[in-house]
Amino acid sequence: MKSISNPEIFIKISAFAFISVSFFYLGKHWSESDGYQHLVFFNRQNLIRSSPSISISPNANKTFDVPSLISNRTTFDSSSPSPPPSDPPPPDRFGIVDRNGTMQDEFDVGRFDPDLIENWGDENRKEETRVNESDSRVNFSRFSLCPESMKEYIPCLDNVDEIRKLKSTERGEKYERHCPAEGRGLNCLVPAPKEYKVPIPWPHSRDEVWFSNVPHQRLVEDKGGQNWISIDNNKFKFPGGGTQFMHGAEQYLDQISQMVPDIAFGYHTRVVLDVGCGVASFGAFLLSRNATALSIAPKDVHENQIQFALERGVPAMVAAFATRRLLYPSQAFDLIHCSRCRINWTRDDGILLLEVNRMLRAGGYFAWAAQPVYKHEESQQEAWKEMVNLTDRICWEFVKKEGYIAIWRKPLNNSCYINRDSVVEPPLCDKDDDPDNVWYVDLKPCITRLPENGYGSNVTTWPMRLHNLPDRLEFVEMDASIAKEEQFKAESRYWDDIIEGYIRSYHWGNLKLRNVMDMKAGFGGCEPFDTYPRTYDLLHAFGLFSTEQKRCNITSIMLEMDRILRPGGCAYIRDSSSVIEEVQGIARAIGWRTLLHYTAEGPYGSKRWQAFMASYIESGWLYLITHFSDFQLASLGSFFLHEGVFFLSGLPFIFFERTGILSKYKIQSKNNTPAAQEKCITRLLLYHLCVNLPLMMVSYPAFRFMGLSTSLPLPSWKTVLAQIIFYFILEDFVFYWGHRILHTKWLYKHVHSVHHEYATPFGLTSEYAHPAEILFLGFATIVGPAITGPHLFTLWLWMTLRVLETVEAHCGYHFPWSLSNLFPLYGGADFHDYHHRLLYTKSGNYSSTFVYMDWIFGTDKGYRKLKALKSDVEVSSKQM
């Protein structure tokens, strides 16, 4: 080797250093431009990072003041004013059911997982983005992550400042809504727990969820003995029991059905409210009976019970019986259930049970499972007498008491109320009282009147109810009352077509959606929703922003959507073009990926779709991470991917060699014998099974320790490209020196000579080597990913490209379309074939991918001389 003092060598080393630093700088800054983690070297800070898909807020280790933290610091400016909003769209309808209105157990639903925001870098930097294809530009600031302590933040229930101002909390006032004042709302991105995983799909989620997604053990400690919940390794298990149904919800539901056959779940009883739901096993098992239950509970000492329900895939909301009406219309539920719900129904002369009465459909049932029903202590019997007295006074029919359960039925009309003695309390509500007025309305100590025409009591059975004009529609003001039924049928057909289009065009079947919200703001408008972060797989907003932009800040709505959307979830927004442009800019600031779709009006129409969703690749990735463990994917998945790419790309060159096809592109005229080819394949299978596979399995813990991730979303193409470039440069550098060492006399004789048994290489010989060499040079391939801790998707792509590159370098063919003809720094087959043709002491061309390392250190001089000689011969022959 020449002395380093040689000017030519010094110049080459300097050039190599400049190229390396340039590529690294490009990769670093390119990859950080989209909010994902850029090239990060392994250091102590990475040691504490248990999941690379979750970034740590810069404020994680600091104390903070929530009001000042979430003050309105982000502005959204548009260079042009928005046009007037278009005509409002047709009214939305909630729910997706089949034409028969039935729910099958095998219905493929459930979902996941994590659109966790990576390292944002400078949270205050501005980014200029061109929206669509217009000339307008929108400036926006990226939103930072909230502190980790806000990972379960519910804005209107965690407003400590407002709760402190309450004059009294004895009736549960602190569990009601107290939303932040204007300008003090959420202005950061609520993070997920550090070990957050893609949720287990339904129906398996009914029985188990990841501990890391709801990392709270309080209910296990308090209720584990009552068959509610248990911990099994890294999962919560739900046996299906409850305080009053320890033997399971199925047996409990059977008992209710036998006590009152008229309840008939899935036929007479379709919509149920489960009060104080625990972990929602009652509602979870009710789903299999073709009835749907909304589970509610306050955020109290057992604050995570609703979070467990939502993680299981059971409809649930945070709500409390306190001083205000619950946010549900009158006569909304066929049955209301309270099993040890910790509510004193007789306090304040039964005002809480009167709220139950308001929400219960005429002829509906109230099921109460509590100690006063079955215990004989004097205090419990006194409570039972008070309950019986109250239900008599509000005209509920006592149906039956059996075991732990007592059941009452609400009357079908007002006749009982009217015929009561005038001194009996509570009285009927005034005729002008609107029972559907619920937004911040105090509870009323009166009995809600039933409609005189019987509306609410004459509903048909399910599923016919789904196709009949609802009585409630008669109270909706329209220009032409005779058109209501036609409007109902037209809208039903309209949404059938829309949903069918979604499923067909956007492949909803692959997304495996479970928790879905159709956003249609009414009274609430801009106030946050009473649910935990990471609740929904899909948010659907049709005309929402056009409707609300006059009174609401679009940014606030988008941040709330991000809060309640599960990591990796989707939002479908259909609105006017001007609104979509603004939404698109905010979505990028939040860190969403956007896909723009035009409606039937075309690109210049007034309506457009904005879909924030996973690509087809991400949908496929979702399938993998929900059906296989990280270990299976990283070890076995990597092995099978490697084998498939390697043999599918290498075997065709054996076919070419045996048949003589494409022989004019063959570098050497000599061919390998079939026996030599078969020997190579046999040895490769042995080496791969006995060396590669164990190595991949053993390496998994090390890669996880260094930050390997499998979660969604997948890294952006800029991040992937930057890392792949870095891996190629680093691998080529390490491989060059390792390869040169293997060409020393002793190592060549005892190790590397195995690889050189084939002086005329073909594709599969690229991995034909001594096991020690596989381990030695394999380090060059994994050192880059080990440093950066990549996403498994990036690792698989890197492995695929590396296998294709090494197979091409050993293929023995130089085609007109070979990369070396297009990219001067790339070596390719001709470059490496020269290495195999010469003796080990004179071969040179030690690099794996590029040519500059050999050029810098002068180990390609023989190859360049040969190329120059061939060029001269070709020129001479042409001149002749």
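The chain is numbered in sequence order, starting from 1.
Looking only at atom types and distance, the side chain of Q307 has a donor-acceptor partner in the side chain of N304 under 3.5 Å away. No hydrogens or angles considered: nothing links the side chains of N515 and T535 as a donor-acceptor pair under 3.5 Å. A side-chain N or O of R312 and one of S281 form a donor-acceptor pair less than 3.5 Å apart. For E176 and T323, the side-chain atoms include at least one donor-acceptor pair closer than 3.5 Å. A donor-acceptor contact closer than 3.5 angstrom links the side chains of Y440 and E527. Side-chain contact annotation: E173 with H178, donor-acceptor N/O pair under 3.5 Å absent.
With rounding to the nearest 0.5 Å, the separation of CG in N553 from CD in E560 is 13.0 Å. Note that NE2 of H791 and CH2 of W621 are 6.0 Å apart. Values are rounded to the nearest 0.5 Å. Distance check, rounded to the nearest 0.5 Å: CD of E548 to CD1 of I554 gives 10.0 Å.
Considering R534, E195, E311 in turn, E311 is the only one that fulfils the side-chain hydrogen bond (donor to acceptor under 3.5 Å, both in side chains) rule with N213. Tested against L310 for a side-chain contact (heavy atoms from CB on, under 4.5 Å), the candidates I564, T531, V209, V214 yield a single pass: T531.
A heavy-atom distance below 4.5 Å is not found between the side chains of L157 and Y175. Put simply, the side chain of T292 does not reach to within 4.5 Å of the side chain of V272, judged on heavy atoms. You'll find the side chain of K444 reaches within 4.5 Å of the side chain of D433, heavy atoms only. When side chains are defined from C-beta on, P191 counts as touching C146, because their heavy atoms get closer than 4.5 Å. In this structure, the side chains of D158 and M150 stay at 4.5 Å or more apart for every pair of heavy atoms. With a 4.5 Å cut-off on side-chain heavy atoms, Y328 and I296 count as touching. Side-chain contact between I498 and R574: present, with at least one pair of heavy atoms (C-beta onward) separated by less than 4.5 Å. A 4.5 Å side-chain heavy-atom check between M558 and I590 finds at least one atom pair inside the cut-off.
What you find for M317 and L294 is that their closest heavy atoms are N-CD1, 4.2 Å. Looking at every heavy atom in both residues, D274 comes nearest to G283 through OD2-N, 4.3 Å. Between P528 and C179 the shortest heavy-atom distance is CD-SG, 4.3 Å.
Ring geometry for F529 against Y536 counts as tilted: the plane angle lies between 30° and 60°, on a 0 to 90° scale. Between F236 and F211, the two ring planes are tilted [angle within 30° to 60°].
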Derivation and outcome, side chain to side chain contact (heavy atoms under 4.5 Å, CB included), residues L565 and W592: CA-CA 11 Å; L565 195 62; W592 291 2; 4.2 Å; yes
How far apart are the C-alpha atoms of W439 and R177, what are their side-chain angles, what is the distance that settles it, and do they pass the side chain to side chain contact (heavy atoms under 4.5 Å, CB included) test? CA-CA 10 Å; W439 199 250; R177 291 172 60 85; 3.9 Å; yes
Are D537 and R514 close enough, and set up right, to give a salt bridge (Lys or Arg N to Asp or Glu O under 4.0 Å), and what steps lead you there? CA-CA 6 Å; D537 301 311; R514 176 61 185 174; over 6 Å; no
Checking side chain to side chain contact (heavy atoms under 4.5 Å, CB included) for the pair F238/R206: CA distance, chi angles, key distance, verdict? CA-CA 7 Å; F238 304 96; R206 188 194 73 174; over 6 Å; no
Would you check, one step at a time, whether the test side chain to side chain contact (heavy atoms under 4.5 Å, CB included) holds for K174 with L166? CA-CA 8 Å; K174 65 180 180 180; L166 294 174; 4.3 Å; yes
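Under 4.0 Å is where a charged nitrogen must lie from a carboxylate oxygen, and between R325 and D442 no such pair does. The existence of a salt bridge linking D348 and R171 is confirmed by a sub-4.0 Å separation between a basic side-chain nitrogen and an acidic carboxylate oxygen.
Within a 6.0 Å sphere centred on NZ of K151, heavy atoms belonging to other residues, nucleotides or ligands number more than 12.
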